[in-house]
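Keep in mind it's a predicted model, so treat the numbers as computed, not measured.
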Amino acid sequence: MADVPGVRPPEIAEVLRASDRLTFIYVEHCVVNRDANAITATDARGTVHIPAATLGSLLLGPGTTVTHAAMSLLAESRSTCVWVGEQGVRYYCHGATLARSTKLLEAQARAVSTKRSRMKVARAMYAMRFPGEDTSGLTMQQLLGKEGTRVRRAYAREAQRTGVDWRGRSYKVTDFDDADAVNQALSAVNTSLYGVVHSVIVSLGCSPGLGFVHTGNDRSFVYDIADLYKVDLTIPLAFELAAAEHPDIGTAARRAVRDQMRSGRFMERCVRDIRQLLLPDAEPVVTEFEDDLAADTGALWAGGAGRVASGRNYGAVSVVDEIDP
């Protein structure tokens, strides 16, 4: 076979596990290209080389141009590429996920597929919001009512703390300006929160659309996870922004969310919470990628026989004899 021109793509054994990679690198106003098996970022100050195999996620901010060669290397290295807004606050789209295993995705699909398992995850989500309280015997209607009361009290508490006039949540999706300052701030900070949570979900290989409380939307799971953090994160920020009377509340809101997430290590917390919800019995370390290198070809499902090895011809072999241990 003739040699293929260009740099040889990295072998799967050369690609580092997720636990050994950089979490993410954010770039903006530069040209992203490829030099051998490194990603380069070039602007007026010069060029920076980033080994692709050590990169978990590359966040492409405003003013970024990326070449075909760079995207090919990112895909070969199983590095996630996400197109984002300034400092990673807004999510626009993403490339291939880092997750080679479908462990989390399968756990999510199983849990959402029956009323009993779906209810179990939903109750776990509400238990995170009500620490120390027993939510195991509550119905969904009771949980929704309890959550509504919690959010309403949070609005009233923040209004009193900041001195902002609060007359209830009111907004139009198609008209951001048709709302008072605090409702504009709430819309802006929540949109930013959704973007970051969406980025985390797709980076883990989960489905943004398979929600447990929310349903019927391609971002149902995004809304489920984001709702875990609003009372502690976005609602206080929104009222503080409204009290400060920023002339451009949308921009101020995005920057405030960015700064809060940086200081609070939000992405680590989000990953940990998603894993705990979908794999509650797993070890409290990031293990979902640990067997990915060995699972290059995946497996086949053989009905009652379970999982069997792929890459085999079962025409003359008993499938039962080939079940994975």
Side-chain angles (χ1 to χ4, degrees), residues 18 23-26 56-61 80-99 104-105 107-109 111-112 118 121-122 124-129 147 150-151 154 169 171 173 185-238 241 250 253-280 286 288:
T23 305
F24 65 89
I25 290 180
Y26 170 82
S57 180
L58 181 64
L59 306 184
L60 301 175
T80 306
C81 186
V82 185
W83 279 259
V84 298
E86 183 184 6
Q87 295 298 322
V89 169
R90 285 185 171 180
Y91 169 90
Y92 294 119
C93 60
H94 73 281
T97 173
L98 177 62
L104 276 174
L105 178 59
Q108 181 186 13
V112 81
R118 184 172 185 169
V121 175
M125 289 180 172
Y126 284 108
M128 290 180 174
R129 306 171 197 180
E147 171 68 356
R150 182 180 80 112
V151 173
R169 187 75 172 106
Y171 65 97
V173 175
L186 283 166
S187 296
V189 294
N190 287 338
T191 297
S192 298
L193 175 63
Y194 296 149
V196 174
V197 169
H198 200 152
S199 297
V200 171
I201 288 172
V202 297
S203 293
L204 291 175
C206 297
S207 169
L210 293 182
F212 295 87
V213 178
H214 293 82
T215 187
N217 185 278
D218 63 352
R219 295 207 293 172
S220 292
F221 193 51
V222 176
Y223 300 142
D224 279 358
I225 299 301
D227 279 357
L228 300 176
Y229 313 114
K230 288 182 179 177
V231 167
D232 297 328
L233 176 63
T234 58
I235 291 178
L237 279 180
L241 291 165
R254 290 190 292 273
R255 290 174 177 170
V257 171
R258 174 197 66 195
D259 295 342
Q260 185 77 6
M261 288 182 173
R262 278 179 171 173
S263 61
R265 304 180 71 87
F266 174 82
M267 294 180 74
E268 292 182 16
R269 176 185 177 188
C270 191
V271 169
R272 184 172 61 250
D273 289 344
I274 291 172
R275 260 193 109 252
Q276 178 61 32
L277 288 167
L278 299 180
L279 297 173
V286 180
E288 63 266 25

- Query: Can any side-chain N or O of T215 pair as donor or acceptor with the backbone N or O of G211 at less than 3.5 Å?
  - Reply: no
- Note on the structure: CD1 (I274) and CG (L279) are apart, to the nearest 0.5 Å, by 11.0 Å
- Message: Could you report the tightest heavy-atom contact between S199 and Y91, atom names first, then the distance?
- Response: OG-CD1, 3.2 Å
- Message: For the CG atom of L58 and the CH2 atom of W83, what is their distance to the nearest 0.5 Å?
- Response: 8.5 Å
- Query: Who pairs with R255 by side-chain hydrogen bond (donor to acceptor under 3.5 Å, both in side chains), at least two apart in sequence or on another chain?
  - Reply: none
- Any residue meeting side-chain hydrogen bond (donor to acceptor under 3.5 Å, both in side chains) with R90, in chain and number order, not counting sequence neighbours: none
- Query: Which heavy atom of L277 sits nearest a heavy atom of L228, and at what distance?
  - Reply: CD1-CD1, 4.3 Å
- Note on the structure: Separation between CZ (R272) and CD (E268), nearest 0.5 Å, reads 7.5 Å
- Item | Closest heavy-atom pair and its distance - A107, L278 | CB-O, 3.6 Å
- Looking only at non-hydrogen atoms, find the nearest pair between G209 and S220 and report the distance. O-CB, 3.5 Å
- Name all residues meeting the side-chain hydrogen bond (donor to acceptor under 3.5 Å, both in side chains) criterion together with T191; count only those two or more places apart in sequence or in a different chain, and write none if there are none. none
- Item | Any residue meeting ring pair (Phe, Tyr, Trp, His ring centres under 6.0 Å) with Y194, in chain and number order, not counting sequence neighbours | Y223
- Note on the structure: Sorted by chain and number, sequence neighbours left out, side chain to side chain contact (heavy atoms under 4.5 Å, CB included) with S192 holds for V89, R254, V257
- Item | Check against side-chain contact (heavy atoms from CB on, under 4.5 Å), H214 and D227 | CA-CA 10 Å; H214 293 82; D227 279 357; 3.0 Å; yes
- Atom of A253, atom of V189 and distance for their closest heavy-atom approach: CB-CG1, 3.6 Å
- Query: Between CZ of R262 and CE of M267, what distance do you get to the nearest 0.5 Å?
  - Reply: 12.0 Å
- Task: Go through the structure and list residues passing side chain to side chain contact (heavy atoms under 4.5 Å, CB included) with V112, not counting sequence neighbours.
- Result: R118, L210, F212
- Message: Apply side-chain contact (heavy atoms from CB on, under 4.5 Å) to residues V82 and L60 and explain how you reach the verdict.
- Response: CA-CA 6 Å; V82 185; L60 301 175; over 6 Å; no
- Query: Partners of R150 by salt bridge (Lys or Arg N to Asp or Glu O under 4.0 Å), sequence neighbours excluded?
  - Reply: E147
- Task: Could you pull out all residues at least two apart from V197 that satisfy side chain to side chain contact (heavy atoms under 4.5 Å, CB included)?
- Result: L193, I201, V222, I225, A226, F266, C270
- Message: Does any part of the side chain of V196, heavy atoms only, come nearer than 4.5 Å to the side chain of R258, both counted from C-beta?
- Response: no
- Please list, chain by chain and in numerical order, all residues satisfying side-chain hydrogen bond (donor to acceptor under 3.5 Å, both in side chains) with Q260, sequence neighbours excluded. none
- Note on the structure: C206 and F221 have their tightest heavy-atom pair at CB-CE2, 4.5 Å
- Distance (rounded to the nearest 0.5 Å) between S203 OG and L59 CG: 8.0 Å
- Task: Side-chain contact test, heavy atoms from C-beta onward, threshold under 4.5 Å: evaluate it for T234 versus L186 and give yes or no.
- Result: no
- Message: If the condition is side chain to side chain contact (heavy atoms under 4.5 Å, CB included), which residues does A122 pass it with, not counting sequence neighbours?
- Response: M140, V213
- Task: Go through L204 and R275 one step at a time and tell me if the side-chain contact (heavy atoms from CB on, under 4.5 Å) criterion holds.
- Result: CA-CA 9 Å; L204 291 175; R275 260 193 109 252; 5.6 Å; no
- residues 196-224 vs salt bridge (charged side-chain N to carboxylate O under 4.0 Å, His left out), sequence neighbours excluded, gives none
